[in-house]
Undergrad: 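First, the structure itself, so that you have it in front of you.
Keep in mind that what you see is a predicted model, and the values were worked out from it rather than measured. Each chain gets a letter, A, B and so on, in the order the sequences are listed, and its residues count up from 1. These values consider heavy atoms only, across backbone and side chains, with no hydrogens, waters or symmetry-generated copies.
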Number of protein chains: 2
Amino acid sequence: MNMNIPALNTKIGDKCADCPIHHRAVCAYCEKSELMLLETMKSYSSYAAGDTIIMAGDNMKFVGSVVTGVASLSQTMEDGRRQMVGLLLPSDFVGRPGREFASFDVVATTPVTLCKFERIPFEKMLKSTPQLRERMLEMVLDELDAAREWMLLLGRKTAREKIASLLMIIGKRQNSLSPFDINTSMKFELSLTREAMADYLGLTLETVSRQINALKKDGVIELEKKRHVIVKNFNRLLDETGDDGDGGYVT
Amino acid sequence: MNMNIPALNTKIGDKCADCPIHHRAVCAYCEKSELMLLETMKSYSSYAAGDTIIMAGDNMKFVGSVVTGVASLSQTMEDGRRQMVGLLLPSDFVGRPGREFASFDVVATTPVTLCKFERIPFEKMLKSTPQLRERMLEMVLDELDAAREWMLLLGRKTAREKIASLLMIIGKRQNSLSPFDINTSMKFELSLTREAMADYLGLTLETVSRQINALKKDGVIELEKKRHVIVKNFNRLLDETGDDGDGGYVT
DNA sequence: CGAACGGTTGATTTGTATCAAGAATCGTGG
DNA sequence: CCACGATTCTTGATACAAATCAACCGTTCG
């Protein structure tokens, strides 16, 4: 629908050292000299909500990190059925080194700032920089685990459990909760439309709407303005996910 | 159900150089001296069909490669719902370096031979051997792509499309077809029970049985002895998957 | 032989999709 | 600031694909 906006080069502060996601992104283990090398190949771009950042099949000229905002990774079938396969939050990596053409669409869900690295130089650096490769491997392994949790959700959970799980993941990550801060209450902004949630969960938007309202009616969650969620009883929501509590996604 | 069988140390030929999966496994890029180092930490184990190789929560004393046979990676919910999240074929890697406890169950679907590496020495070697880490990263990235294709299948495909996709994947991989050998016919052994297929596809075994027989009745596939599949018209099967043909899994 | 397992097939139920209409919210320009 | 059109969301009625429940068949194996 939307094309890339010319990409106003925002300055988050061009120094990697000042970067808000520095300690969690691919570059987390890099030393000063390596960060300086990264700075030579990097640039920032901003995208408006709804912009397509990368289209499946595109020749990838860059890879990068999400600095602010939320983007989604998704796949579309010829007849329009769509499945989200990744939710990209700040510090998440975008693109696949060693691959020339993109396999998935990347779309900005909210306004997004991306820290981009030219792909070829980045790949070279990846080869020669153990710190970078180590972090990369770690991140990919985490993503793989997350993808596998997601497969359980898609294949076996009910609509209600899917919604509860999604709220759980977004809530936990936005509040940076560890799996043991269980008795807290939490609030968070659900920066996805019902349709985006449906694409994520393998449901229709109507079912998403109904199940969210059912959880609300049952007192599991409270809503302000459709997108702002309040969870008074964390454990109550956890029960609804069908998980056994220890599980998965903390990050 | 089954426990590990004492693990008869089979000799596939203790030399890595003679190993049938040597060119595709984690060790693919290793040089002679590195292979020799690997040999110091490796051992072979065999498992009977149905054996649990690793249980979720186990303390991982080893990682390794599937040498022969088929194993599955799966997750089970408290109430027994199960979802397979990976199919491990010869040359696939088992275990996650950098993780002490297993997140998923690994079960032998057919008799399996595993080439095991002690985890701690292997992790050390991973840190110090770029060749090994590079291959590891490549393999994990491929798995991640496969997991994401699988998410589309689980979230959005119909039962019939799911079955067709599974047949496609197993057939392609067993026949080592590239995405362009499209007009060939192929035969292959389906080494999964209907139940295992159901767990893989997020279906019930009854639905799997019905859909396989429907594909047979419609002339898309032929069956010999329930598990041996013949695909005369590759494109016909491809159409049934809902994919656009270029897609995914070749390997 | 009988038990256990894997597979098929039928009848029925059910969760979610689909179709449809309308309400709430947002953004934009007059 | 209000009016508008466009999104986004909700809610209801209905349809349908797959799950569930159930019976039965064929093999294998102790």
Undergrad: Who pairs with B:Glu195 by side chain to side chain donor-acceptor pair (under 3.5 Å), at least two apart in sequence or on another chain?
TA: none
Undergrad: Does A:Phe188 have any ring pair (Phe, Tyr, Trp, His ring centres under 6.0 Å) partners at least two apart in sequence or in another chain, and if so, which?
TA: none
Undergrad: Quick check: on DNA chain C, is the nucleotide nearest B:Leu205 upstream (toward 5') of the one nearest A:Ala159, or the reverse? Name the residue that is more 5'.
TA: B:Leu205
Undergrad: Please tabulate, for the side chains in residues 208-220 of chain A, all donor-acceptor contacts under 3.5 angstrom to protein atoms that are two or more places apart in sequence or on a different chain.
TA:
from, atom 1, to, atom 2, distance (Å)
A:Asn213, ND2, A:Ser209, O, 3.0
A:Asp218, OD2, A:Arg160, NH2, 2.2

Undergrad: Begin with the C-alpha distance, continue with both residues' side-chain angles, and end with the deciding distance and a verdict on side chain to side chain contact (heavy atoms under 4.5 Å, CB included) for A:Arg236 and A:Val231.
TA: CA-CA 9 Å; A:Arg236 179 79 194 285; A:Val231 179; over 6 Å; no
Undergrad: Send over the distance from A:Arg194 CZ to D:dT11 C1', rounded to a whole Å.
TA: 14 Å
Undergrad: If we fit an axis to the first five pairs and another to the last five of the helix from C:dC1-D:dG30 to C:dC26-D:dG5, what angle do they make, to the nearest 10°?
TA: 40°
Undergrad: Please report the C-alpha distance between A:Arg96 and B:Leu144 in whole Å, then the side-chain angles of each, then the deciding distance to 0.1 Å, and finally whether the side chain to side chain contact (heavy atoms under 4.5 Å, CB included) criterion is met.
TA: CA-CA 10 Å; A:Arg96 185 192 142 143; B:Leu144 186 58; over 6 Å; no
Undergrad: Which residues pass the side chain to side chain donor-acceptor pair (under 3.5 Å) test with B:Gln75, sequence neighbours left out?
TA: A:Glu149
Undergrad: What does A:Thr204 touch in the nucleic acid at a heavy-atom separation under 4.0 angstrom: a base, only the sugar-phosphate, or nothing?
TA: base
Undergrad: Looking at every strand, decide which applies to B:Arg156 at a 4.0 Å heavy-atom threshold: base, sugar-phosphate, or nothing.
TA: nothing
Undergrad: Sequence neighbours left out, what pairs pass salt bridge (Lys or Arg N to Asp or Glu O under 4.0 Å) with at least one residue falling in residues 161-171 of chain B?
TA: A:Arg81-B:Glu161
Undergrad: Under 4.0 Å, counting only non-hydrogen atoms across every strand here, what does B:Arg160 touch: a base, just sugar-phosphate, or nothing?
TA: nothing
Undergrad: Listed by chain and number, what are the side chain to side chain contact (heavy atoms under 4.5 Å, CB included) partners of A:Lys226, not counting sequence neighbours?
TA: A:Arg194
Undergrad: Of all nucleotides in DNA chain C that come within under 4.0 Å of a heavy atom of chain B, which is furthest toward the 5' end and which toward the 3' end?
TA: C:dG6 to C:dA11
Undergrad: Under 3.5 Å, which N/O atoms of the protein pair with N/O atoms of nucleotides 25-30 of chain D?
TA:
none

Undergrad: Any chance you could lay out the side chain to side chain contact (heavy atoms under 4.5 Å, CB included) test for A:Ile170 and A:Val229, step after step, and finish with the verdict?
TA: CA-CA 10 Å; A:Ile170 295 181; A:Val229 181; over 6 Å; no
Undergrad: Under a 4.0 Å N-O cut-off, is there an ion pair linking B:Asp105 with B:Arg82?
TA: no
Undergrad: Kindly state which residues belonging to residues 209-225 of chain A come within less than 4.0 angstrom of DNA chain D, counting heavy atoms of the residue only, listed by number.
TA: A:Ser209, A:Arg210, A:Asn213
Undergrad: Which residues pass the ring pair (Phe, Tyr, Trp, His ring centres under 6.0 Å) test with A:Phe104, not counting sequence neighbours?
TA: none
Undergrad: Is there a donor-acceptor pair closer than 3.5 Å between any side-chain N or O of A:Trp150 and the backbone N or O of A:Tyr200?
TA: yes
Undergrad: Just how far, in rounded Å, is C1' of D:dT7 from CG of A:Leu192?
TA: 16 Å
Undergrad: Can you name the residues that form a side chain to side chain donor-acceptor pair (under 3.5 Å) with B:Thr76, not counting sequence neighbours?
TA: none
